[in-house]
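Sequence lines set the chain letters: A, B, ... in the order given, protein chains first and strands last, and positions in each chain run from 1. Computed from a predicted structure; not experimentally measured. The basis for the numbers below is simple: all heavy atoms, side chains too, and nothing from hydrogens, waters or symmetry mates.
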Amino acid sequence: MTEIPDSYDPDSAEQKWREQWQEMDVYSYEGTKPDYVIDTPPPYPTGNLHIGNALGWCYMDFAARYHRLAGDDVLFPQGWDCHGLPTEVKVEENEDIHRTDVPREDFREMCIEHTESQIDAMRDTMQTLGFSQDWDHEFKTMDDGYWGETQRSFVRMAEEGYVYQDEHPVNWCPRCETAIADAEVETEEGVEGTLYYVTFEGVGNDDIEIATTRPELLAACVSMAVDPDDERYADRVGDTFEVPLFGHEVELIADDDVDGDFGTGAVMICTFGDKQDVDWWAEYDLDLRAVFTEDGHLSEDAGDYAGLTIEDAKEQITEDLHAEGYLNKSEPTTQNVGQCWRCDTPIEILSKEQWFVKVDQEEILDTAQEVEWVPEHMYDRLEEWTEGMEWDWVISRQRVFATPIPAWFCESCGHTHIAEEDDLPAKPTEDGPGIDCPECGSDDWTGETDVMDTWMDSSITPLFVRDWPQADFEPTSLRPQGHDIIRTWAFYTILRTAAIEDEIPWEDILINGMVFGNDGNKMSKSRGNFVQPEEVVEEHSADAFRQAMALGGQPGSDIQFQWKEVTSASRFQTKVWNITRFAGQHLEDDREPLTDPAYRDADRWILSRASHVAAEVADHMDEYRFDAALRELREFVWHDLADDYLELIKGRLYEGRPGERDAARQALFTALSASLRMLSPFAPFLTEEAWHALPSTEGSIHAAEWPDLDMADEESEAAGQLIADTASTVRGWKSEEGMALNADLSKVEVYPDEMPDAAVDTYDLSEAVNAPVHVRAGTPSVELVPVDIDPDHSTIGPEFRDQAGEVVAALESMDPEVVKRQQRLDDEIEVDLGDEEVVVPGDAVDVEEQHQAESGEEVVVLDEDFGTVLVYP
RNA sequence: GGGUUCGUGGUCUAGUUGGUUAUGACGCGGCCUUUACAAGGCCGAGGCCGGCGGUUCGAAACCGCCCGAACCCA
């Protein structure tokens with residue numbers, strides 16, 4: 001007998017195991033080549049692991065722990081995507097400096113220091129929640145060892161022609177003063193603006209009126225356009241006009257993309273107002289008039305307006321247009337504006353010398369199709385985004401805290417030199433390339449000051465965790481990812497792995513949904529529906545939080561955080577603990593497994609059920625259906641194991657002969673031990689504590705194996721199910737009658753609808769219901785009165801096809817007594833359909849009968865799904 | 001405007017290829033201290049499965065339209 005504490009205290013247990021797991025190496029992968037590798041997405045170190053992150057990490061942890069149990073050598077690393085603009089901004093704020101106030105290296109150091117503290121906070125939360133990363137394989141993209149590999153990937157892609165440098169219009173954030181990629185531009189809808197109607201004077205012909213929301217771009221106007229089918233302008237195409245205030249001349253062109261319903265039907269083309277302008281500019285080989293500077297002012301090319309901010313220029317130019325008589329009218333309008341996703345500043349399109357990565361749509365989609373998307377439809381999002389890509393990926397950024405682009409420019413001949421792989425990691429702003437210019441022999445180099453987009457770092461994680469390039473690349477097993485970043489993270493990672501290794505990055509990509517507050521809205525502090533994972537742990541436990549995440553919905557769908565799920569999980573934990581405590585009272589510390597236990601039907605039943613459950617739960621886990629897996633486990637543990645099985649074997653455990661008692665003990669141990677192991681991915685703390693409390697277990701449950709039960713046995717399971725159902729029926733009846741559950745009864749008779757093939761063993765059942773139990777074939781010897789007819793649609797449907805409805809209706813209108821008699825005597829029923837008679841097989845109809853006690857012995861008749869139970873009080 | 005997903009008791013959720021009485025949880029009402037467990041057990045009420053139409057002998061499921069919600073994109 002083993003003493004196990006009365007109650008489970010999650011606070012102390014979780015604290016204890018958190019510490020001990022750090023000492024043990026159950027989560028570290030030691031082999032030469034792992035079987036199951038998670039390409040953990042490195043989060044941006046915001047300092048706060050919120051509940052939405054936690055959902056994704058729960059999924060990873062379920063998968064990691066399951067695969068360890070299943071015998072895989074699992075690599076579950078944790079990385080941090082450190083570089084980026086928000087950190088620079090934060091450090092500038094904290095230190096009250098501008099990044100140019102201090103040397104580049106010093107500023108970088110400040111960023112690193114800030115990032116480290118942010119990481120510490122998030123790592124703490126991860127450990128609080130019991131995530132089983134292998135911390136020996138932690139990586140930070142700001143470490144030389146990492147960003148050196150980012151540079152290597154850059155160098156290789158440059159060699160393959162994927163990376164190139166060119167002048168091309170790019171999205172530009174005037175506040176951050178850097179280029180940004182399409183994915184970093186967010187469209188703000190319904191922004192209020194003004195539509196101005198402006199006259200352009202004709203050069204040697206009539207004037208024309210255009211409509212624009214951006215008069216500040218007049219200086220950049222290089223052409224005008226109308227719809228070729230627009231009759232108003234049919235004979236004007238090719239005419240020349242003078243740009244108001246600025247005086248340069250532009251020509252009117254015709255293009256299908258002009259919306260004739262907008263404004264006057266005529267628009268100006270500027271370099272650049274939007275992407276449409278870029279298209280026209282390229283298509284018609286127009287001039288380039290760049291009037292915006294990198295910091296959002298007007299340039300020298302804007303004449304008198306040079307130096308004004310974009311906003312001031314708009315105001316000034318409008319005023320002047322009005323004063324000069326060019327402005328005819330203005331009206332309010334709403335428009336969609338592209339904004340920087342980090343600072344919401346409206347983006348501009350500037351033509352700049354930048355570094356690009358070629359977007360090969362076909363290659364990306366071919367690769368993406370080879371990845372298993374869970375759920376499948378998430379692939380569509382990637383496809384839609386990829387097919388809509390218009391520009392190559394601009395990867396250069398004019399910032400500091402990021403991976404340097406390893407390139408130098410020769411001051412004497414202009415040659416660009418990209419670093420050799422052997423020279424990485426390279427800091428071109430500090431060191432030279434170590435060679436003379438291969439073109440002109442000069443050693444007068446200028447290092448590239450541009451750095452790389454952070455996605456360049458985070459899109460090589462599958463390569464990095466696979467020890468590329470030392471090891472030949474093999475796809476990782478799993479990438480978990482939120483559906484909001486498919487177009488960025490998933491997209492870039494697929495692009496890069498395809499480009500560098502011509503491979504898929506991962507075999508499976510599991511997309512997790514968003515977590516909403518319990519009012520169904522996005523979590524936000526202002527709505528008051530915001531929940532921090534730590535709060536849940538404090539209130540209940542990490543295990544309960546994890547279960548709530550698993551049960552919130554099937555992976556892929558958005559889930560609502562529900563406190564009630566956490567409550568329900570806590571109750572389940574209490575139940576598991578109590579079962580363990582009960583088992584501890586009956587299991588010897590030094591119990592030896594029996595070689596040939598004298599199992600009874602109840603034992604064979606629970607073992608057979610456990611075998612089925614282990615197989616089904618494994619299937620669910622393989623398919624990432626964590627909700628279904630945990631649901632099935634709870635059902636089994638709570639109802640089969642606790643409610644039914646434990647009750648059935650109490651007789652043997654307390655008063656049985658040693659052989660029978662020991663068989664029950666063995667089956668109990670087997671079923672409980674299997675249950676704990678299967679639950680351990682979801683509730684690692686509770687199951688570890690219970691595992692250690694349970695006699696004859698060794699080591700950590702997380703180093704144990706998935707149950708290998710080969711005890712499925714349909715016959716015994718049917719017999720056992722009958723026993724369990726009967727016990728449950730009698731228990732329910734006693735409760736309803738207000739009787740003590742251990743009250744003695746004179747006799748119980750069971751008449752199953754389907755008699756099990758094997759003889760039913762009633763020993764345990766008798767003990768459980770406190771009465772002799774007889775299982776009998778046939779129908780009870782109490783008076784039965786047919787009262788209703790219930791045709792079986794699944795038999796009648798296929799047999800009578802389009803007549804089925806008629807047959808069912810006729811059957812239901814028949815006298816139940818007549819039907820019953822025919823069924824009993826002939827095993828078939830003649831049904832009169834009015835114009836013809838058909839014969840229905842006897843088993844296609846259930847005649848519902850009510851039991852009416854005969855005079856004499858008092859009997860209670862309980863009708864159940866599985867048969868009829870007669871209770872003689 | 002385009003794409004994707006989703007509408008199931010008061011709330012959240014399951015429902016694999018169509019087939020008897022639609023799953024579970026939370027909440028609600030009632031009863032019960034029993035040799036693991038009152039943080040428990042047992043019982044009960046509560047659903048025209050968003051609406052309409054179609055396919056079918058039979059639809060929560062399949063098809064069409066409509067209404068509503070969410071996300072992504074333009």
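One finds no side-chain N or O of Thr567(A) lying less than 4.0 angstrom from the OP1 or OP2 phosphate oxygen of C26(B). A sub-4.0 Å separation between OP1 or OP2 of G41(B) and a side-chain N or O of Lys575(A) is present. Residue Lys650(A) places at least one side-chain N or O under 4.0 Å from the OP1 or OP2 atom of A36(B). The side chain of Gln573(A) places no N or O atom within less than 4.0 Å of a non-bridging phosphate oxygen (OP1 or OP2) of C37(B). Taking 4.0 angstrom as the limit, Trp563(A) places none of its side-chain polar atoms (N or O) nearer than this to OP1 or OP2 of A25(B). Considering only side-chain N and O atoms, Arg631(A) lies nowhere under 4.0 angstrom from the phosphate OP1 or OP2 of C12(B).
Under the 6.0 Å cut-off for aromatic ring centres, Tyr654(A) and His586(A) qualify, their centroids lying closer than that. Aromatic rings from Phe516(A) and Phe561(A) are positioned such that their centres are separated by 6.0 Å or more. In summary, the aromatic rings of Tyr59(A) and Tyr624(A) are positioned with their centroids too far apart to meet the 6.0 Å limit.
If you check A25(B), C73(B), A14(B) against the side chain of Trp385(A), the one that comes closest is C73(B). When each of A14(B), C71(B), A25(B) is scored by its nearest atom to the side-chain atoms of His483(A), the top-ranked nucleotide is C71(B). When distances are taken from the side chain of Arg487(A) to each of A36(B), G27(B), C73(B), the shortest belongs to C73(B). Considering only side-chain atoms of Arg625(A), the nucleotide from C73(B), A36(B), A14(B) that sits closest is A14(B).
As rounded to the nearest Å, A25(B) and G41(B) have P atoms that lie 10 Å from one another. Separation of the P atoms belonging to C12(B) and C73(B) is 27 Å when rounded to the nearest angstrom. For the P atoms, the distance linking C49(B) with G29(B) amounts to 27 Å, nearest Å. Spacing between G54(B) and G46(B) at atom C1', rounded to whole Å, works out to 32 Å. Comparing the P positions of C42(B) and G24(B) gives a spacing of 13 Å, expressed to the nearest Å. A59(B) and U8(B) have their C1' atoms separated by 14 Å, given to the nearest Å.
Counting non-hydrogen atoms under 4.0 angstrom, Gln554(A) reaches the backbone sugars and phosphates but no base. Residue Arg731(A) is classed as having no contact, given no heavy-atom separation below 4.0 Å to the nucleic acid. Residue-level contact check: Gly513(A) touches neither bases nor backbone, having no heavy atom under 4.0 Å from any strand. Residue Ser568(A) is classed as a sugar-phosphate contact, given heavy-atom separations below 4.0 Å to backbone atoms only. Within the 4.0 angstrom heavy-atom criterion, no nucleotide atom of any strand lies near Ile486(A). Within the 4.0 angstrom heavy-atom criterion, only backbone atoms of the sugar-phosphate kind lie near Asp643(A); the bases stay farther away. Thr580(A) comes within 4.0 angstrom of nothing in the nucleic acid, heavy atoms only. Within the nucleic acid shown, Glu623(A) has no heavy atom closer than 4.0 Å to any nucleic acid atom. Ala642(A) comes within 4.0 angstrom of a base, heavy atoms only.
Under 4.0 Å is where a charged nitrogen must lie from a carboxylate oxygen, and between Arg657(A) and Glu660(A) at least one such pair does. With respect to Asp627(A) and Arg625(A), a salt bridge is recorded, a charged nitrogen being found less than 4.0 Å from a carboxylate O.
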Please enumerate all protein N or O atoms sitting under 3.5 Å from an N or O of nucleotides 2-10 of chain B, with distances to 0.1 Å.
residue	atom	partner	partner atom	Å
G2(B)	N2	Glu384(A)	OE2	3.0

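Side chains of Asp725(A) and Gln721(A): a donor-acceptor N/O pair is present below 3.5 angstrom, by distance only.
Place Phe582(A) and Gln562(A) on RNA chain B by their nearest nucleotides, and Gln562(A) ends up nearer the 5' end. Comparing Gln560(A) and Asp484(A), the nucleotide of RNA chain B nearest to each residue sits closer to the 5' end for Gln560(A).
Here the side chains of Ile486(A) and Met378(A) are in contact, with some heavy-atom distance below 4.5 Å.
Residues satisfying the salt bridge (charged side-chain N to carboxylate O under 4.0 Å, His left out) test with Arg479(A), not counting sequence neighbours, are Asp39(A).
Surrounding CD of Gln335(A) are more than 12 heavy atoms belonging to other residues, nucleotides or ligands, all under 6.0 Å away.
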